[in-house]
Amino acid sequence: MELKELKVSDKENSVKYILLVQGRQVGFGYIFNREVNPIEIYIENDFQSNGYGKLLFNSLLKILKDSGLKGLKFELDENNGRLISVIKQAGAVEIGRDLPKIKFIIKL
């Protein structure tokens, strides 16, 4: 697995990371400079359910932890079961609901 960093110029000062497996792009993720939902990930359909989302998310979490952050907030749609599962496996704790949104926090 290789994680390739690409700087992205936009209003949120995001950084894009490409997840490569054996030289093939299987997904990508962003780290955004924002308080809520600072990480977004996407895994190509053909590669879903193989642990790549968890791997990518945890890699981006480590980058943020190494930068000195102590915690992250997420507000996810209740229908986003895959990402909810990934962040719960990473230690996210539900802190509230404002349906259809569920609020989580991850301590780093």
K101 bridged to E78 by N-O distance under 4.0 Å: no

Which distance, rounded to the nearest 0.5 Å, do you find between the CG of L69 and the NZ of K107? 15.0 Å

May I ask you to check whether R82 and S49 show a side-chain donor-acceptor distance below 3.5 Å? yes

Test N37 against F32 for side-chain contact (heavy atoms from CB on, under 4.5 Å), laying out the working first. CA-CA 8 Å; N37 297 340; F32 293 97; over 6 Å; no

One pair to check against side-chain contact (heavy atoms from CB on, under 4.5 Å): I41 and L83. What are the steps and the verdict? CA-CA 8 Å; I41 61 171; L83 186 54; 4.1 Å; yes

For I95 and F104 the tightest heavy-atom approach is CG1-N, 4.1 Å

Are side-chain heavy atoms of L76 and I102 found at a separation under 4.5 Å? no

Tell me if a side-chain donor or acceptor on D77 pairs with a main-chain N or O of N79 at a distance below 3.5 Å. yes

I would like to know whether I106 and F57 meet side-chain contact (heavy atoms from CB on, under 4.5 Å); could you show each step before the answer? CA-CA 12 Å; I106 298 176; F57 189 83; 4.0 Å; yes

Report yes or no: does S59 contribute a side-chain atom to a donor-acceptor pair with the main-chain N or O of L55 at less than 3.5 Å? yes

Taking every non-hydrogen atom, the tightest pair across Y52 and F47: CD1-O, 3.4 Å

Taken to the nearest 0.5 Å, the spacing of Y30 OH from K16 NZ works out to 4.0 Å

To the nearest 0.5 Å, how far apart are CD in E40 and CZ in F28? 9.5 Å

Rounded to the nearest 0.5 Å, the CG atom of L20 sits from the CD atom of Q25 at a distance of 6.5 Å

Any chain of hydrophobic side-chain contacts (each under 4.5 Å) joining F74 to V15? yes

If two hydrophobic side chains count as joined below 4.5 Å and joins carry through other members, does L61 share a cluster with V93? no

I'd like to check I43 versus L56 (side-chain heavy atoms, cut-off strictly below 4.5 Å). Are they in contact? yes

Let me see the working for I39 and L72 under side-chain contact (heavy atoms from CB on, under 4.5 Å), right down to the final yes or no. CA-CA 9 Å; I39 296 175; L72 304 173; 4.2 Å; yes

For the atom pair CG (L64) and CG (L108), what is the distance rounded to the nearest 0.5 Å? 7.0 Å

One should read off an interatomic distance between K103 NZ and R97 CZ, to the nearest 0.5 angstrom, of 12.0 Å

Tell me if a side-chain donor or acceptor on E2 pairs with a main-chain N or O of V21 at a distance below 3.5 Å. no

